[in-house]
Novice: 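What follows is a single structure, and I will ask about it in a moment.
Each ligand, and each atom within it, is numbered from 1 in the order the structure gives. Computation of the quantities below employed the complete heavy-atom set of this structure, encompassing side-chain atoms and omitting hydrogens, waters and symmetry-equivalent molecules.
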Amino acid sequence: MPDAGTLYVVATPIGNLGDISPRALDTLRRVDLIAAEDTRHSSQMLARLGISTRLTALHLHNETEAAPRLIEQLRAGHHIALISDAGTPAISDPGAVLVGLAHASGITVSPIPGPSAALAAVSASGLLHPGWLFYGFLPARPAARRSALAALAETPWTLVFYEAPHRIAECVADLHAAFGERQLLLARELTKLHESVHRLPLSQATDWLAADEHRRMGEFALVVEGTPPRDDTVRMAEQLEQTLSVLLDYLPVSQAAQAAARLTGAKKNLCYQRALQLRGSPS
Ligand code: SAM
């Protein structure tokens, strides 16, 4: 049995060919096969880089069938590089099925890191507290997008989204409706001729985009500030209020106050005073 080959996960430029790394170039030259999302698109990029390695297609629609065949080749000792149309494979791009199967098959997986729109946007945002979460593309349908955003509204983490130009205006309007006032970074056409990186409050984003049609063109990565940390006292008061208002529907004031004290850990006297206020008059 020959030694198994390695699956290299190779990041390629997101718009500027100069961002290809020397290791990526070397890997793409040396491997036996390159699995590419779109072989026509990638063959043009590879030709410009002077690379003539054989290509095979691995995209969202054939990944399940193509991945086992590639695993057989890796088992037979061939080295394979996985690339997507732009940026890092398997980040809102195909590749995760093949990578998962490689792990399950005991094949070595080696990333060759490089460009990614998400990382580039985050690095230029200054919005990193307390950390960030990558969401990728929001649902295209307005109702599904709004409910996805509603589920994210309370997260303190900075959020990173990808968005298509024809939905960017709707998307920022929905972000503002769901999140209220927060900082937004609109990173457009990163690394390309018309790159623009603009940070502004969400309340101004719709007008800013509407002011110039060029601002709505191209590829977008969005970075949105998380919800500001809330004072613990405010949070506890809100929790007590919610608990009491439910309990008061079923119990008299004193019992509701006792139950609320046990449920929330708040002082009994405070619960009693608050329950009296909520009820509007002593019971
Ligand atoms: N895997 C890629 C990566 O690592 O960046 C992302 C692939 S995803 C299919 C493509 C989306 O990434 C675009 O629709 C856009 O939202 C974002 N994107 C890609 N290139 C970009 C660029 N140069 N500037 C801003 N956003 C970009």
Side-chain angles (χ1 to χ4, degrees), residues 7-21 23-24 27-28 34-42 44-45 48 57-63 81-100 109-127 132-141 145 148-149 152 158-172 174-175 184-200 205 208-209 212 214-224:
L7 175 64
Y8 295 96
V9 184
V10 182
T12 59
I14 56 169
N16 187 325
L17 217 52
D19 289 336
I20 189 98
S21 75
R23 279 188 77 216
T27 306
L28 293 170
I34 298 174
E37 183 180 3
D38 177 341
T39 51
R40 269 206 333 204
H41 171 95
S42 293
Q44 287 168 13
M45 177 194 72
R48 288 170 68 194
L58 184 97
H59 46 70
L60 281 179
H61 306 293
N62 80 344
E63 196 170 4
L82 168 69
I83 61 173
S84 61
D85 285 354
T88 302
I91 309 288
S92 294
D93 261 343
V97 172
L98 175 62
V99 170
V109 177
S110 176
I112 308 290
S116 173
L119 279 174
V122 166
S123 72
S125 73
L127 296 172
W132 57 282
L133 299 178
F134 175 68
Y135 189 95
F137 288 102
L138 283 159
R141 290 174 191 275
R145 184 170 60 240
L149 290 175
L152 295 168
T158 293
L159 295 165
V160 182
F161 302 99
Y162 285 158
E163 193 48 280
H166 60 279
R167 274 196 293 270
I168 190 67
E170 287 174 41
C171 177
V172 299
D174 285 348
L175 282 169
L184 164 73
L185 184 92
L186 280 166
R188 186 174 75 86
E189 294 287 87
L190 291 171
T191 77
K192 302 184 197 175
L193 185 62
H194 298 293
E195 172 180 286
S196 104
V197 175
H198 192 72
R199 189 171 133 173
L200 74 177
W208 189 80
L209 283 172
D212 179 348
H214 295 104
R215 294 177 181 171
R216 305 189 295 277
M217 290 175 178
E219 299 198 278
F220 288 89
L222 284 69
V223 185
V224 191

Novice: Without swapping roles, check the side chain of Asp85 against the backbone of His41 for a donor-acceptor pair under 3.5 Å.
Specialist: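 The answer is no, because no donor-acceptor pair under 3.5 Å joins these two groups.
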Novice: For ligand 1 and Thr88, I'd like to know whether there is a polar contact (N/O to N/O, distance under 3.5 Å).
Specialist: yes
Novice: Could you tell me, atom by atom, which parts of ligand 1 come under 4.0 Å of a heavy atom of Ile91?
Specialist: 1 (N), 2 (C), 4 (O), 6 (C), 7 (C)
Novice: Check for a donor-acceptor pair, side chain of Thr88 on one end and backbone N or O of Pro115 on the other, with a separation under 3.5 Å.
Specialist: yes
Novice: Please could you name the atoms of ligand 1 that Glu189 approaches to less than 4.0 Å, counting only its heavy atoms?
Specialist: 23 (N), 24 (N), 25 (C)
Novice: Side chain to side chain contact (heavy atoms under 4.5 Å, CB included) between Leu17 and Met45: does it pass, once the steps are laid out?
Specialist: CA-CA 8 Å; Leu17 217 52; Met45 177 194 72; 3.7 Å; yes
Novice: Take Asp174 and Leu138 through the test side chain to side chain contact (heavy atoms under 4.5 Å, CB included) and record every step on the way to the result.
Specialist: CA-CA 11 Å; Asp174 285 348; Leu138 283 159; over 6 Å; no
Novice: For Ala86, state whether at least one heavy atom is located under 4.0 Å from any atom of ligand 1.
Specialist: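 The answer is yes, since Ala86 has a heavy atom less than 4.0 Å from ligand 1.
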Novice: Keeping Thr158 on the side-chain end and Leu127 on the backbone end, is there a donor-acceptor pair under 3.5 Å?
Specialist: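 It does hold such a pair.
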Novice: Below 3.5 angstrom, do we get any N/O pair linking Leu190 and ligand 1?
Specialist: yes
Novice: Indicate, as side chain, backbone, both or neither, the part of Asp93 found under 4.0 angstrom from ligand 1 when only non-hydrogen atoms are considered.
Specialist: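 The answer is the side chain of Asp93.
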Novice: Could you check which of Glu195, Glu219, Lys192 puts a non-hydrogen atom nearest to atom 19 (C) of ligand 1?
Specialist: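 Shortest heavy-atom distance from atom 19 (C) of ligand 1: Glu219.
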Novice: How far is atom 8 (S) of ligand 1 from its nearest protein heavy atom, and which residue and atom is that?
Specialist: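 So the nearest neighbour among protein heavy atoms is Ser92 O, 3.5 Å.
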Novice: Give me the ring orientation class for Trp208 and His198: parallel if the planes are under 30° apart, tilted from 30 to 60°, perpendicular past 60°.
Specialist: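 The arrangement is parallel - the two ring planes meet at less than 30°.
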Novice: Can you tell me if NE2 on His214 sees more than 12 non-hydrogen neighbours from other groups inside 6.0 Å?
Specialist: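 For His214, atom NE2 is not crowded (no more than 12 foreign heavy atoms under 6.0 Å).
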Novice: Among all protein heavy atoms, pick out the one at the shortest distance from atom 16 (O) of ligand 1; state its residue, atom name and that distance to 0.1 Å.
Specialist: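 Result for atom 16 (O) of ligand 1: Phe220 O, 2.6 Å.
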Novice: Against heavy atoms of Ser116, which atoms of ligand 1 measure under 4.0 Å?
Specialist: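 Selected atoms, number and element: 3 (C), 4 (O), 5 (O).
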Novice: Would you say ligand 1 has an N or O under 3.5 Å from any N or O of Ala117?
Specialist: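 Between Ala117 and ligand 1 (N or O atoms, distance only) the closest approach is under 3.5 Å.
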Novice: Any donor-acceptor pair under 3.5 Å linking the side chain of Arg215 with the backbone of Ser196?
Specialist: no
Novice: Does Ala187 have a heavy atom less than 4.0 Å from any atom of ligand 1?
Specialist: yes
Novice: Taking atom 14 (O) of ligand 1 as the point of reference, which of Phe161, Tyr162, Phe137 owns the nearest heavy atom?
Specialist: Phe137
Novice: Are the side chain of Glu189 and the backbone of His194 linked by a donor-acceptor contact shorter than 3.5 Å?
Specialist: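 No; zero donor-acceptor contacts below 3.5 Å.
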